[in-house]
Engineer: 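Once you've had a glance at the structure underneath, I'll fire off some questions.
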Number of protein chains: 2
Amino acid sequence: MTIKDIAKLAGVSVATVSRVINDDAGVAEKLRNRVLQVIKETNYIPNTVGRNLRKSKSDMILVMLPTLSNPFYAKILKGIEKRASEHDYGILVSVTHHESRIEKKYLKMLQMKQADGVISLFSTLIAEELNDLAGKYPIVQCCEYTEGAHLPYVMIDNKKAAYEATKYFISSGHKRIGMISGSFYESSERAREQGYKEALMDSGLPFDEGYIFKSNYKPESAMEMCRKLLDMPEPPTAVLTVSDTLAIGAIKYLKSVGVEVGKDMDVIGFDNASITRVYDPTISTVSQPRYDLGTVSVDLVIEKINNLSTVNKGIILPHELILRESTRGEA
Amino acid sequence: MTIKDIAKLAGVSVATVSRVINDDAGVAEKLRNRVLQVIKETNYIPNTVGRNLRKSKSDMILVMLPTLSNPFYAKILKGIEKRASEHDYGILVSVTHHESRIEKKYLKMLQMKQADGVISLFSTLIAEELNDLAGKYPIVQCCEYTEGAHLPYVMIDNKKAAYEATKYFISSGHKRIGMISGSFYESSERAREQGYKEALMDSGLPFDEGYIFKSNYKPESAMEMCRKLLDMPEPPTAVLTVSDTLAIGAIKYLKSVGVEVGKDMDVIGFDNASITRVYDPTISTVSQPRYDLGTVSVDLVIEKINNLSTVNKGIILPHELILRESTRGEA
DNA sequence: TGAATCTGTGAAATCGATTACAAATGTAAA
DNA sequence: TTTACATTTGTAATCGATTTCACAGATTCA
């Protein structure tokens, strides 16, 4: 069933059918109704591929996730979908597994006009590659930012968030604070390490690089790093981790060696994963406004779709430090 | 940069360029090289939309997930991607949020030839709708099966898995066993409830519908259900849950009222989520062969893509009961 | 009434590829 | 040197839509 068939059945030209489909003004009421009638009877749906080819547009936004194992992205996606559908855009999801080869493959969809824009939750590309692409296509970054890339982005102030978390540790009496970071999500990890560092220094506490351990994002790895922290000559009494999964690993280890979390040792994670509310102890964490991160990303990418040369906005959304059992509270 | 430009630059016809691109035999070595040279110099990539329109094929498989909040699907997707790329198929992911309106929207991609086949991790459609679609397009189900639908599927034997878990409880001395199920994933939930029931009956223990509680999949809801179980006149001494998240909720509640899990009360979950290895206590669970579920799904859908009228295979993969601290062990 | 303007419609070009078919060339056999 | 046949190549149709442009008929204005 193609537009030709409809035209034939309705006794009009394909142009008229197309006009009816696209709500073009200037089709006589009588003909319009006849066509609509035929469309209804035949359950005709215009072919997307044909349309996209002709229009060089797909009304689709591609969302690029680094992984599917992190439920963190679920709510962001909901925000994205909501706002996108308000603007009559559809969503497709692709998963890069942190591989630039895969990321590049999906980005070709832009060139092919299979997607009008991209929301990237994490990019493996270098700034130069991103800048090249962003000059030609609408790409925005969400949650992570690539240093030196000039694209719109939306995220929280990671440095400030880590600063506040660290300050909180300090205000409740901690003098030695460790950090479990990573080396996957460059931009946020660096910013959080920086916030941690500045909080220590602003409080007149010594900053020692050796108190930062890099893990992969597996809890087992955090357990290992936590062991190393405890094995130091002067072990810390509090640990900031760049993700809740890492916080869980750290806590797991601490419990296994009889250290009471929230008393002997405090832990703060990142992202407010749902498990933080049910782990034992419940876990203090920095919450990101996930839904809003999603909706704002869409606003940004649509702005770029409509006019590629608009200035690249960088938007910072507010975070929140949520305190639970894994921190002891003010001293 | 289109095929026409390449043809012009190489001084040949578009047909020849197309032949070179598609590795057709019967292009003289000299011309072929000339064309390849131009293609390399210009970084030309054939336009997917044009090609898809002409070929009525996309070499894409659509993976439909019910949600992004369950990391369970991550490894399945990896299996899917691996096997698909071996067969030169690409993958697109869509998220239905358990809404049939959204699911139907994405299924239109089949009609539009934007995807050659679908792997559905969970369908909200009724058997009749699925049968209609499956008559026209390659659709396979993975992990969940819709009763009455005649499509290929791959999953574990959910009934048997629950049967074995329940039998394990019984063999370690439990006489009253509760279950926390749900009402989202009809087919697996029903099968697991049935397995639970049969295990009780085969062991001469009374089966009481009242020992099965339906939760949504939030841990908080499992806490509530667990409270109800404990409040029963004759509370169970073991609980089987249809997901690890629910197991966590149950355990959380048990700990909060001072019941020692793995001693006073045993718990088994489903899916072997990574958190089960780090929760306190670690959680016994039924593991599904996620990677293989993915690869086999692809095999099935490609078989259907190549020949829609092949018989609909149903494939059962082996599961495994993994015992950890949340179960006390043999009596 | 005739010219000017508006409306509504359809024919045909177009998007970027593939492919059926025809035509041109080359090669081998008679 | 033909003829027959295989090998290469190109022309044009095609996939399913949108859109430009021309034209016919209706309407307005002088």
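Just so you know, these numbers come straight off a predicted model, no measurement behind them. Any value given below was found using the heavy atoms of this structure, including those in side chains, with hydrogens, waters and symmetry copies removed. Proteins come first, then strands; the chains are lettered A, B, ... in the order of their sequence lines, and each starts at number 1.
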Engineer: With a 4.0 Å limit, can you tell me whether B/Arg51 has a side-chain N or O closer than that to the phosphate oxygens OP1/OP2 of C/dG16?
Structural biologist: no
Engineer: According to a strict under-4.0 Å criterion, is B/Tyr44 in side-chain N/O contact with OP1 or OP2 of C/dG16?
Structural biologist: no
Engineer: How close or far is atom C1' of D/dT14 from atom CD1 of B/Ile3, stated in whole angstroms?
Structural biologist: 14 Å
Engineer: Salt-bridged, B/Glu303 to B/Lys313, with N to O below 4.0 Å?
Structural biologist: yes
Engineer: Over all strands shown, is B/Asn52 touching base, sugar-phosphate only, or nothing at heavy-atom distances under 4.0 angstrom?
Structural biologist: nothing
Engineer: Using a 4.0 Å heavy-atom cut-off, does A/Ala15 contact any base of the nucleic acid, only the sugar-phosphate backbone, or nothing at all?
Structural biologist: base
Engineer: Output the single nucleotide from D/dT18, C/dG10, C/dA17 whose closest atom is nearest the side chain of A/Arg54.
Structural biologist: D/dT18
Engineer: Side chain of B/Arg19, base of D/dG10: donor and acceptor closer than 3.5 Å?
Structural biologist: yes
Engineer: Quick one: B/Asp24 CG to C/dA17 P, roughly how many Å, whole number?
Structural biologist: 15 Å
Engineer: Are any of A/Ser13's side-chain N or O atoms less than 4.0 Å away from OP1 or OP2 of C/dA11?
Structural biologist: no
Engineer: Across the strands shown, which category fits A/Ser18 at heavy-atom distances under 4.0 angstrom: base, sugar-phosphate, nothing?
Structural biologist: base
Engineer: Considering only D/dA17, D/dG10, D/dC15, which nucleotide approaches the side chain of A/Asn47 most closely?
Structural biologist: D/dA17
Engineer: Please report the distance, rounded to the nearest Å, between NZ in B/Lys57 and P in C/dT19.
Structural biologist: 12 Å
Engineer: Hey, does B/Val27 reach any base, or is it just sugar-phosphate, or nothing, if we go heavy atoms under 4.0 Å?
Structural biologist: sugar-phosphate
Engineer: Nearest to the side chain of B/Val14, heavy atoms from C-beta on, is which of C/dG16, C/dT18, D/dT18?
Structural biologist: C/dT18
Engineer: Salt-bridged, A/Asp292 to A/Arg290, with N to O below 4.0 Å?
Structural biologist: no
Engineer: Nearest-Å distance, CE (B/Met1) to P (C/dC15)?
Structural biologist: 15 Å
Engineer: Is it true that A/Ser183 and A/Glu189 share a donor-acceptor pair across their side chains at a distance under 3.5 Å?
Structural biologist: no
Engineer: In whole Å, what is the span from the CZ atom of A/Arg32 to the C1' atom of C/dT9?
Structural biologist: 13 Å
Engineer: Going by atom types only, do B/Asn52 and B/Gln114 share a side-chain donor-acceptor pair under 3.5 Å?
Structural biologist: no
Engineer: D/dG16, OP1 or OP2 - any side-chain N/O from A/Thr2 closer than 4.0 Å?
Structural biologist: no
Engineer: Toward the 5' end of DNA chain C, which comes first, A/Ala28 or B/Ile45, by nearest nucleotide?
Structural biologist: A/Ala28
Engineer: Flag the pair A/Lys104 and A/Glu129 as a salt bridge only when some basic side-chain nitrogen lies within less than 4.0 angstrom of an acidic carboxylate oxygen.
Structural biologist: yes
